[in-house]
There are 2 protein chains.
Amino acid sequence: MKKNKVISPFKPATHKHQECLTSAIKAAKAHCDISGLRLTPLRQRVLELVWQSHEPVKAYDVLDQLKQGHSSSAPPTVYRALDFLQEQGLVHKIESLNAYVGCGNPEEIHSGQFFICRDCGFVAELDDADISGLIEKKANRFGFKVDNKMVEINGHCQECRDSGK
Amino acid sequence: MKKNKVISPFKPATHKHQECLTSAIKAAKAHCDISGLRLTPLRQRVLELVWQSHEPVKAYDVLDQLKQGHSSSAPPTVYRALDFLQEQGLVHKIESLNAYVGCGNPEEIHSGQFFICRDCGFVAELDDADISGLIEKKANRFGFKVDNKMVEINGHCQECRDSGK
DNA sequence: TCTGTAATGTTATAATGTAACATTATTTGG
DNA sequence: CCAAATAATGTTACATTATAACATTACAGA
């Protein structure tokens, strides 16, 4: 079953982000319910902080915000929550930035393709079977068995190009 | 002009690595000569250290080795040399490992596709126009202008699979 | 040879991430 | 329900990765 999904598109600055956030939290709750996992208040709070925007968020920035209202937070607090969220596909790590973005599609495990705008910082995620399949195909040619694919593309999004930044 | 190059393949443990190293240094010298750049002894030494194997090498490991014979080395010594080598396409950074590998093809600027074996640590590099082109094509569909592509694939190489690791 | 630039030295510190063990909360079998 | 086991969080300390800022030295071109 081939799928070419746009998991999160670039969006005008005016998009109603609150909707992204609430739907992501709702999806995360559903996902954890079904899987018998605990989306504890701490984990949910970290997820909300990652979802504050479509820009990748740094662990220590999450930590700073988490401390306001949860003063016992320390680096392991954040890294553990992020690890849990990553394992569940609720957030992805952008390796080239050491930063994290929310994923709106936790239902199926995937390693998406990320398009990062150098101007506005937005990250769009695709889960594109053509890209994925081509990488697998090329790997197969030399007997390489793929586990995990990281595709992170830097550039300039349509909106920023239009507005001449 | 389409090209699908294997810049560095997986190789049996018995491959003559000295040859990789000497040819990489030779290519680097030629590249710098042509470009009017200085492959200083320090930079050359760092390049040799990165090329000691086909496994990604960490900056602080380079530093430790560099200190033996060049006691004034400090972190900036290594990072500056690595930055220079990256700009010249003589090494690539593997973002998901915070580590560096040599590139045998400095002639044309490219951002390759890296296949990293989880068992033996080897990294193979392709510069595959099909993968690259497909990513560009998908990006174009939503008006994204690509600057730089990072493709890092984890998995298991043929040799390790054969030897049942 | 002078002079500007590039490269390197040096010190300090920022940013990112983990180990190890203590404590608290939750689940589960009796 | 209770006790034991497990999971989650707290806490301290430290390891790893990377950069800022300024001083000094080496080199290339006029």
Separation of D:dT19 atom P from B:Leu82 atom CG, nearest Å, is 11 Å
B:Phe84 versus B:Cys32: any side-chain heavy-atom pair under 4.5 Å?
-> yes
Original post:
OP1 or OP2 of D:dA18 less than 4.0 angstrom from a side-chain nitrogen or oxygen of B:Tyr100, does that happen here?
Top reply: yes
Of A:Ala59 and B:Ala81, the one whose closest nucleotide on DNA chain C sits nearer the 5' end is B:Ala81
Here the distance between atom P of D:dA15 and atom CG of B:Leu63, to the nearest Å, is 16 Å
Paired with A:Cys103, the side-chain contact (heavy atoms from CB on, under 4.5 Å) test is passed by just one of A:Ile7, A:Leu90, A:Val91, namely A:Ile7
- Query: Does atom NZ of B:Lys145 have more than 12 heavy-atom neighbours, drawn from other residues, nucleotides or ligands, at distances under 6.0 Å?
  - Reply: no
Among side-chain atoms of B:Glu125 and B:Ser8, is any donor-acceptor pair under 3.5 angstrom?
no
Strictly below 4.0 Å: does B:Lys58 bring a side-chain N or O up to OP1 or OP2 of D:dA15?
no
Span of DNA chain C engaged by chain B, first through last nucleotide within the 4.0 Å heavy-atom cut-off, is C:dA7 to C:dT11
Whole-Å distance, B:Tyr60 OH to D:dC14 C1', equals 14 Å
Terminal axes of the helix from C:dT1-D:dA30 to C:dG30-D:dC1 (5 end pairs apiece), angle rounded to 10 degrees, sit apart by 30°
Answer yes when A:Asp128 and A:Lys5 have at least one side-chain N-carboxylate O distance shorter than 4.0 Å, and no when they do not. no
- A:Asp162 and A:Gln158: side chain donor to acceptor below 3.5 Å: yes
By nearest-nucleotide position on DNA chain C, the 5'-leaning member of B:Pro41 and B:Pro75 is B:Pro41
So, B:Gln44 versus B:Glu48: side-chain donor-acceptor pair below 3.5 Å or not? yes
Any side-chain donor paired with an acceptor under 3.5 Å for A:Gln88 and A:His31?
yes
Give me the ring orientation class for B:Phe144 and B:Phe142: parallel if the planes are under 30° apart, tilted from 30 to 60°, perpendicular past 60°.
tilted
When rounded to whole Å, the OH to P distance for the pair A:Tyr79 and D:dT17 reads 13 Å
message = Once you apply a heavy-atom cut-off of 4.0 Å, does B:Arg80 come out as touching a base, just sugar-phosphate, or nothing?
response = base
